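Read through the structure below, which is laid out as structure tokens, and then see the notes.
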Amino acid sequence: MAVDRIRLAEGLAAIVADVPGQEGLPERLCHACLAALPVDGVGLSLMTNEHAGGRMLLGATDAAGSKIEELQFSLGEGPCVTAFSEARPVLVPDVTTDEVRLLWPAFAEQVVAAGVGALFAFPLQVGAIGIGVLDCHRIRTGPLEEVTEALVVATAVTAALLDHQARILAAAEVKPELIDLSWRDHAAVHQATGMVSSQLSVPTDTALARLRAHAFCEGRPLKDVAADVVARRLRFSEEDGG
């Protein structure tokens, strides 16, 4: 299948211009990407090195897409993380292989349990600068033949997000940026990271690793563990290992 670049760009630009607020924009962008590609679902994440954790879910087309993104955020590993850090597409036609388990052991186990067969992550880039990642998933295993088309979609999404930010900057009234909206969803995680950093007298990246390890061992979402830390129901210490 070939992607009509002009029609796709015009469609995404129309979405950016049409959405009165920002809350519904990420999902509409994701669904537009899904319509252009032969995959079962799409997730969109913004990436930044300015905050602990470095990434945040912007939107997804379905529950599976949200689960994939949340797993990668909680565990700090997966195709999305690698695609951003290495600035290249990461194509995983079969998530059950030994290679995948070796690369991302915790993520691979849980994503297989979620019923996902294949994952394809494409960085959203402006030159050498990365702003996020487009994650595509399928239930069945098998390669993605339309890699070129997916790169076209990723480029179009990047342009749409930049157009959106330009509109925000040009607006007279003050509105939260998309990155702020997505960051708000994980605010407790980053507040908890700071608290654990203080409790253990360690850097924030180490504190976040401790939070992730605790969540994984307990089989709980990272955001729930963070909420316990913020509410002071959970305190980390060197003596009990967190």
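The first residue in the sequence is number 1, and the count goes up from there. As the structure is a prediction and not an experimental result, all values here were calculated from the model.
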Between Ala160 and Leu29, what is the shortest heavy-atom contact and its length? CB-CD2, 4.4 Å

Any donor-acceptor pair under 3.5 Å linking the side chain of Arg140 with the backbone of Ala118? no

Heavy-atom closest pair, residues Val153 and Ala36: CG2-CB, 4.0 Å

Suppose the criterion is salt bridge (Lys or Arg N to Asp or Glu O under 4.0 Å): which pairs have a residue in residues 95-122, not counting sequence neighbours? Asp98-Arg101

Any side-chain heavy-atom pair of Phe107 and Ile68 under 4.5 Å: yes

Taking Ser197 for its side chain and Thr193 for its backbone only, find out whether a donor-acceptor pair lies under 3.5 Å. no

Heavy-atom neighbours of Arg232 CZ exceed 12 at 6.0 Å: no

Mind checking the CD-NE2 spacing from Glu69 to His137? Nearest 0.5 Å is all I need. 9.5 Å

For Leu34 and Gly41, the nearest pair of non-hydrogen atoms, with its separation, is CD1-N, 3.7 Å

Val42 backbone acceptor or donor facing Thr61 side chain under 3.5 Å: yes

Compare all side-chain heavy atoms of Trp104 with those of Leu75 and state whether any distance is below 4.5 angstrom. no

For Thr96, all residues meeting side-chain hydrogen bond (donor to acceptor under 3.5 Å, both in side chains), sequence neighbours excluded: Asp94

Measuring from atom CG of Leu8 to atom SG of Cys33, what distance do you get when rounded to the nearest 0.5 angstrom? 7.0 Å

Could you tell me the separation between the CG atom of Asp135 and the CZ atom of Phe122, rounded to the nearest 0.5 Å? 9.5 Å

Could you check whether any side-chain heavy atom of Glu77 comes within less than 4.5 Å of a side-chain heavy atom of Pro105, counting everything from C-beta outward? yes

For the OG1 atom of Thr97 and the CG atom of Leu103, what is their distance to the nearest 0.5 Å? 8.0 Å

Minimum heavy-atom distance between Ala207 and Val196, given as atom pair plus value: CB-CG1, 3.9 Å

To the nearest 0.5 Å, how far apart are CD1 in Ile15 and SG in Cys30? 10.0 Å

On a heavy-atom basis, the closest approach of Val116 and Arg138 is CG1-O, 3.8 Å

Answer yes or no: is there a donor N or O on one side and an acceptor on the other, between the side chain of Asp40 and the main chain of Ile139, under 3.5 Å? yes

Pro143 side chain reached by Leu91 side chain, heavy atoms, under 4.5 Å: no

Where do Leu200 and Arg210 come nearest, in terms of heavy atoms and distance? CD1-NH1, 3.4 Å

Look up atom CG in Leu119 and atom CG in Leu144, then write down how far apart they are to the nearest 0.5 Å. 11.0 Å

For Arg220, is the CZ atom crowded, meaning more than 12 foreign heavy atoms sit under 6.0 Å from it? yes

List the residues meeting side-chain hydrogen bond (donor to acceptor under 3.5 Å, both in side chains) with Glu86, not counting sequence neighbours, and say none if there are none. Arg88

Set out, in order, the CA-CA distance, both residues' side-chain angles and the distance that settles side chain to side chain contact (heavy atoms under 4.5 Å, CB included) for Phe236 and Met195, then state yes or no. CA-CA 9 Å; Phe236 282 66; Met195 293 174 66; over 6 Å; no

